[in-house]
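Presented below is the structure to which this report refers.
Residue numbers run from 1 in the order of the sequence given.
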Amino acid sequence: MTPPATVLLVFGRGVVVGADGYRLTTESVARTEAAVAYVRAHAEAFRRAPGARVVFTGGWPHGPAGAPAPPAGYREAELMRALARAAGLDAYARSAAETRSRTTVQNLAHTVQDGLLDAAEFTARHPLGLVSHPWHLPRVRLLAARVLGLSGPALADVPVTAPDPVPARRERAARTFSRIGFLGVRTPEASLRRERALTRAADRIGRLTPRR
């Protein structure tokens, strides 16, 4: 029997702002709830594991252009962590929030750079759990291999069952872009440099492309 993951990375799906202030999208709430449900289902394993933890990731990924970032305490990961703690997460595991990232690559890289995984070594007997929607998990796995050097049974999928309609064609394109664009990358620092280079190239192409 495959042992449960006792270190989870929870990937955000957006924060929105309205008259009632900053709040998580329905999809971000679903991912948070999936993480809490997984921890509860494996409560004994989480209590026994000395390094058990849940790391929520995300800063301000879907804010409109030019909009200020949320104030401290209202970044994506902070809101997810607060929701999970309100649901009783602290009874089973400690938690942390990575609040600098805007992309999946940054989620992974900044989590390592901020020391939120400590010195944990992930293997088939001690996998790293990835919490997200099923359409997103293949791309997360692909990037985890590039950024963290982890693949196969060293990673455990924790899929969200709530619906999140994402155009299949768009996600296939994003996965292909990630597979090609991050070839040869082996460290968090290299992944961030490559992402910046790809973003600059995309911006240049966008400026050169005639608009109809």
Side-chain angles (χ1 to χ4, degrees), residues 1-13 28 30-58 76-78 80-85 87-101 103-162 175 178-179 182 184-192:
M1 183 177 179
T2 304
T6 54
V7 177
L8 302 183
L9 279 185
V10 187
F11 295 84
R13 185 78 170 104
S28 286
R31 294 182 183 186
T32 305
E33 291 174 343
V36 174
Y38 184 89
V39 172
R40 283 179 175 162
H42 302 286
E44 193 57 35
F46 273 85
R47 289 195 181 104
R48 288 199 312 266
R53 80 207 74 156
V54 180
V55 180
F56 298 93
T57 67
E76 185 174 39
E78 292 169 323
M80 289 193 296
R81 185 187 186 206
L83 178 62
R85 297 183 75 181
L89 179 66
D90 290 352
Y92 309 99
R94 60 191 177 97
S95 60
E98 177 285 302
T99 63
R100 295 193 287 148
S101 59
T103 66
T104 302
V105 169
Q106 292 174 22
N107 291 153
L108 294 162
H110 291 323
T111 295
V112 173
Q113 290 181 330
D114 292 352
L116 300 180
L117 295 182
D118 294 340
E121 293 186 6
F122 300 103
T123 65
R125 296 293 302 168
H126 180 51
L128 173 63
L130 308 173
V131 185
S132 194
H133 282 80
W135 62 263
H136 187 220
L137 285 170
R139 180 155 53 94
V140 175
R141 277 181 162 269
L142 187 159
L143 291 170
R146 303 283 196 266
V147 181
L148 306 180
L150 299 174
S151 60
L155 300 171
D157 291 349
V158 182
V160 179
T161 57
R175 204 175 302 161
S178 297
R179 182 176 293 110
F182 290 90
V185 168
R186 291 292 181 270
T187 67
E189 292 73 23
S191 70
L192 294 174

Under the side chain to side chain contact (heavy atoms under 4.5 Å, CB included) rule, collect the residues that match up with Ala37, sequence neighbours excluded.
none

Hey, what do you get for CZ (Arg179) to CZ (Arg139), rounding to the nearest 0.5 Å?
11.5 Å

Using every non-hydrogen atom in the two residues, find where Leu143 and Ser178 come nearest and quote the distance to one decimal.
CD2-CB, 4.0 Å

Considering residues at least two apart in sequence or located in another chain, which fulfil the side chain to side chain contact (heavy atoms under 4.5 Å, CB included) criterion with Ala87?
Val36, Arg40

Apply side chain to side chain contact (heavy atoms under 4.5 Å, CB included) to Leu148 and Leu128, showing your working.
CA-CA 11 Å; Leu148 306 180; Leu128 173 63; 3.9 Å; yes

What pairs with Phe122 under ring-ring contact (aromatic ring centres under 6.0 Å, His included), at least two apart in sequence or on another chain?
His126

Output a table of donor-acceptor pairs, distance under 3.5 Å, between side-chain atoms of residues 3-10 and any protein atom two or more places apart or on a different chain; print 'none' if there are none.
none

Between Leu155 and Ala144 the two heavy atoms that sit nearest each other are CD1-CB, 3.9 Å

Can you name the residues that form a ring-ring contact (aromatic ring centres under 6.0 Å, His included) with Phe11, not counting sequence neighbours?
His136

Nearest-0.5 Å distance that lies between atom OG1 in Thr32 and atom CZ in Arg81
12.5 Å

By the salt bridge (Lys or Arg N to Asp or Glu O under 4.0 Å) test, which pairs, at least two apart or in different chains, include something from residues 128-137?
none

For Ala41, all residues meeting side chain to side chain contact (heavy atoms under 4.5 Å, CB included), sequence neighbours excluded
none

Residue pairs passing the side chain to side chain donor-acceptor pair (under 3.5 Å) test where at least one lies in residues 45-55, sequence neighbours excluded
Arg53-Asp118

Can you tell me how far OG of Ser95 sits from CE of Met80, rounded to the nearest 0.5 angstrom?
11.0 Å

Non-neighbouring partners of Arg186 that pass salt bridge (Lys or Arg N to Asp or Glu O under 4.0 Å), sequence neighbours left out:
none

Rounded to the nearest 0.5 Å, what separates atom OH in Tyr38 from atom CZ in Phe46?
6.0 Å

So which pairs with a foot in residues 146-160 pass side chain to side chain donor-acceptor pair (under 3.5 Å), sequence neighbours left out?
Arg141-Asp157

Student check: side-chain heavy atoms of Val54 and Leu89 closer than 4.5 Å:
yes

Which heavy-atom pair separates Gly12 from Arg31 by the least distance, and what is that distance?
O-NH1, 3.0 Å

Sequence neighbours left out, what passes ring-ring contact (aromatic ring centres under 6.0 Å, His included) with Phe182? Give chain and number order.
none

Note: Pro134 and Val160 closest approach over all heavy atoms is CD-O, 3.3 Å

Atom pair CG/CZ of Leu83 and Phe56 - distance to nearest 0.5 Å:
8.0 Å

I need the single residue from Asp114, Thr111, Asn107 that forms a side-chain contact (heavy atoms from CB on, under 4.5 Å) with Val55. Which is it?
Thr111

Look at the side chain of Gln106 and the backbone N and O of Leu192, then say whether any donor-acceptor pair between them is shorter than 3.5 Å.
no

For a quick test of reading the model, state the closest non-hydrogen atom pair linking Pro127 to Ala124 and the distance between them.
CD-O, 3.9 Å

Ala77 to Glu98 - nearest heavy-atom pair and separation
CB-O, 3.3 Å

Which residues pass the ring-ring contact (aromatic ring centres under 6.0 Å, His included) test with His110, sequence neighbours left out?
none

What class does the angle between the rings of Trp135 and His133 fall in, given that below 30° is parallel, 30 to 60° is tilted and above 60° is perpendicular?
parallel

